[in-house]
Every structure is written in structure tokens, then in C-alpha cells.
Amino acid sequence: MSSTVDLRHRLVSKTMEEVQKIMKDLTAEVSVKDTRFLSIANSGVHNDNIKDQPALLSKWTALLRGRCAFNPAIQVLTPTLFLISVPVKGLMGYKERRTHQWRYYTLSGSRLLSPVREPEKLHQWLELESFANATQEWQDATVAIEGDIVPAKVVTVFREQLEEAIKSCSLSSKVSILDSAGSVVRVAVETSEMQVEAELVPTVELMHSWPKKARWPRLLQRWPSAERARCIKSFGFNLMATSNYHWLLSFSRAEQVLLGSIDEDGGCRRRCYRIVRQLKEDVWCPGNKPVITAYHLQTLLFWNCEKYPGVRDWKNLHESVLRLAKKLHKCASQRYLRHYFIRSHNLLKYTNTNELDDMAKKITEFLEKPGTYIH
């Protein structure tokens, strides 16, 4: 199992390096044609438009200690599925405010008799008035309706620019835009090892902000430390254009710092996570579009770290793997996994229940005879 985990890590790292290079070139070309978008090279702490950027970058580097060599805009959901946050520019001075409740417009701007559905727990509206300084381009009707920045319209503009960038960068042989349902730009990318899929999502990066609905850290929480939690919150959160009307809250920078510094006390948490991820990808839930991704497992790991904060709980790798597997079995069986920062949101709410049941059965077989799978 150990050699399989290491092989997977090397393969994904190589693929990610190639994907990163291609996406940097494409998004840089998009940013030249439309200044509302930035290259992914300028995402997160690398964005020199944000306040105190040198200090944030220094703090980020110190926390990760070189453990995150790749761009913070790229998340690996499976070895063949990547999520890429494309930062936007020109929306400065964000302040969370109480928004008006009802919207009566369609994506084309026409009026509705009944209101648009309210955002769910992990989503929100985004109004121009939330920003002290929004450039004129964001007030354009191509992206805004009645004072709202509409994610579906932002995605439409980005998709058009990306299509042109693929041609002008002469990458048509390596990158092709796929048909997609809903407000997502999906592309197929040819790498030296295999074809992978990437979802590119325009993203509003909100440094130094933390949403009120994310009540974290929790009272009497022992992991991470209060000092580490304060530091993590300074990296802020993101709003991602993943649906038609509502923006998705994302805490990818906070999650990267938590994962990157997870074993500084000498525990085996990261190794445990990688073994469970390998079992999930090879045995329990294989495929290019699994119901459980690395993101779900990462969330599960954070909950386990919070429940078992001491280093003694993470000294025995075999016991740690079984504990995490049992927790995953419980989540799949009950079809319930709390979001780590917004506890009221169930990450498995819309997941295929048949696939979750199949996965739970396979984990049961593993738990009965774990020695068959890990040695």
C-alpha cells in the first residue's frame, strides 16, 4: 500500500505540474483581453492587489514550510479531476452586509412574478454595494443585474474569453471545452500521462474577511490551537461562481494551511489520509466522477483531528486508518458529512444514495478483514 500511495503522489504531482503550466498561460491570456480576470499565477497570497500582500505571503510560506509547491488555486479532487479557481480583479473593500431578501429577475434580466430561490447554507448573493471600490466594468450589464453580480453571467463572459485564449495560445490540441450542465466551465486537458478534466471557476478572493455564518473555531476546541486558528482566518475565504444566481463559499486557503501543517507535532495524520484516499480511489469508490472526492476525505480528516487532538492519538498508523475508515463508513451509511467551517451544511445532501450505499458495503468488507488490503 505504501508504494502505491507514493506512486499515486508522484503521478498526480507530475500531471498537476503540466496542468498548472497550461492554465497559467490560458488565464494570463484571458486577463490581457478582459482585466476583470487574473492569471492563476496571481491567486490568493500571490495577488499583489491585496492589502498587506508581502506579509501574508511571508506568513503563508512559513506555515506551509514548502509543503505546497503548487498553486493554491488548484485543488485535486481525483487524479483525473481538478478544480481551478480563476481570481477576479476590480472588487475591493468587501464588507458583509444584510442583503435584500427577494429577487425577481431571470438571467436574461426579465422580470419574474415569483422570486428566485433563496441561497442555501453554503451560498450567498453578491451585491456591488458589498464592495467599497468596484470598478466600472463590474457594473456592466454583461455581469450584473439590479445591483447583483450574477455568477452565471460572469461564467459566460469567462467562457467566451477562454475559447479565444485557447486559439491564441495555440493550445487547441491540448485543451478542449466540454459541454456542461449549469454554470461551470469544464475543459479536457491532454497531459503526457493521461487526459484529465478541469473545472475553471471565476472566484472572488476575500482576504482578511471571514463570513459570519462560519462560526469557527468552536468553543473549547483544542485543534488547531487558538493562535493557529486566528492566523488561518486572516487568509479569508472565497466566493466561487458555481451556480446561476448564488456564489459558493469556499475556504480553500484555510484548508490548505490546516492540511499543510497537520503533522508538525510528529503524528501520522497526513499518511493516514493518503492511505484512506488510495483505498477510496482503488477499492471503495473508483472512477472519474466519484460521489466521494479528496475534498470529502479532507473534511473528514479535519473532524477527526478536532475529535482526537493529541499526538498520542496519531502515533499508530494502522489504528488511525481504521478509525478514519469507520468514520467514512458512518458518513456514507447516514448520508451525512458536515462541512468543516459551516456545520449546518451537509456535503452529501445531493449525493447519489445508491453509490453511497455501495461504498458503505465495500468499507464494511474492508473493516472485517483490513489485513487483506493494508499490510
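In what follows, residues are counted from 1 in the order of the sequence shown.
- Hydrophobic clustering places Phe82 together with Leu248 (ILVMFWY residues linked when any side-chain heavy atoms are closer than 4.5 Å, directly or through intermediates).
- A centroid separation of less than 6.0 Å is found between the aromatic rings of His246 and Trp125.
- Under the 3.5 Å distance criterion, with hydrogens and angles disregarded, a donor-acceptor pair is assigned to the side chains of Ser168 and Glu29.
- Annotation for Lys327: atom NZ does not count as buried by contact number, only 12 or fewer foreign heavy atoms lying within 6.0 Å.
- Using a 4.0 Å cut-off between a side-chain N of Lys or Arg and a carboxylate O of Asp or Glu, Glu281 and Arg8 qualify as a salt bridge.
- Using a 30° and 60° split on the angle between ring planes, Trp314 and Tyr308 fall in the perpendicular class, above 60°.
- Classified by interplanar angle (parallel below 30°, tilted 30° to 60°, perpendicular above 60°), the ring pair Phe131/Tyr94 is tilted.
- The aromatic rings of Trp216 and Trp210 sit tilted relative to each other, their planes meeting at an angle between 30° and 60°.
- Of the possible donor and acceptor atoms, none in the side chain of Asp148 sits under 3.5 Å from a partner among the backbone N and O of Val150.
- Checked by atom type and distance alone, the side chain of Ser250 never pairs as donor or acceptor with a backbone atom of Asn238 at under 3.5 Å.
- Cluster membership check: Val276 shares its hydrophobic cluster with Leu300, using side-chain heavy-atom separations under 4.5 Å among Ile, Leu, Val, Met, Phe, Trp and Tyr.
- Hydrophobic clustering of Ile, Leu, Val, Met, Phe, Trp and Tyr side chains at less than 4.5 Å, counting indirect connections, unites Leu328 with Val283.
- Without hydrogens or angle criteria, Arg253 side chain to Phe235 main chain gives a donor-acceptor distance under 3.5 Å.
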Can you give each donor-acceptor pair under 3.5 Å made by side-chain atoms of residues 332-339, sequence neighbours left out, with the distance rounded to 0.1 Å?
unit_1: Ser333; atom_1: OG; unit_2: His329; atom_2: O; d: 2.8
unit_1: Arg335; atom_1: NH2; unit_2: Asp357; atom_2: OD1; d: 3.0
unit_1: Arg335; atom_1: NH2; unit_2: Asp357; atom_2: OD2; d: 2.8
unit_1: Arg338; atom_1: NH1; unit_2: Arg343; atom_2: O; d: 3.2
unit_1: His339; atom_1: ND1; unit_2: Phe341; atom_2: N; d: 3.0
unit_1: His339; atom_1: ND1; unit_2: Ile342; atom_2: N; d: 3.0
unit_1: His339; atom_1: NE2; unit_2: Tyr295; atom_2: OH; d: 3.3

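- A continuous path of ILVMFWY side-chain contacts below 4.5 Å connects Ile177 to Ile84, so both sit in one hydrophobic cluster.
- Of the possible donor and acceptor atoms, none in the side chain of Asn244 sits under 3.5 Å from a partner among the backbone N and O of Ala152.
- Residues Leu162 and Phe37 fall within the same hydrophobic cluster, defined by Ile, Leu, Val, Met, Phe, Trp and Tyr side chains chained together at heavy-atom separations under 4.5 Å.
- The backbone N or O of Val201 sits less than 3.5 Å from a side-chain atom of Thr203, completing a donor-acceptor pair.
- A donor-acceptor contact closer than 3.5 angstrom is absent between the side chains of His296 and Thr299.
- Of the possible donor and acceptor atoms, none in the side chain of Gln298 sits under 3.5 Å from a partner among the backbone N and O of Glu255.
- A donor-acceptor pair is defined here as one N or O able to donate and one able to accept, closer than 3.5 Å; no such pair exists between the side chain of Ser58 and the backbone of Pro54.
- In this structure a side-chain-to-backbone donor-acceptor pair under 3.5 Å is present from Lys213 to His123.
- A donor-acceptor pair is defined here as one N or O able to donate and one able to accept, closer than 3.5 Å; no such pair exists between the side chain of Arg36 and the backbone of Val88.
- The stretch residues 110-137 participates, sequence neighbours left out, in these salt bridge (Lys or Arg N to Asp or Glu O under 4.0 Å) pairs: Arg97-Glu127, Arg97-Glu129, Arg103-Glu127, Arg111-Glu146, Arg117-Glu120, Glu120-Lys349.
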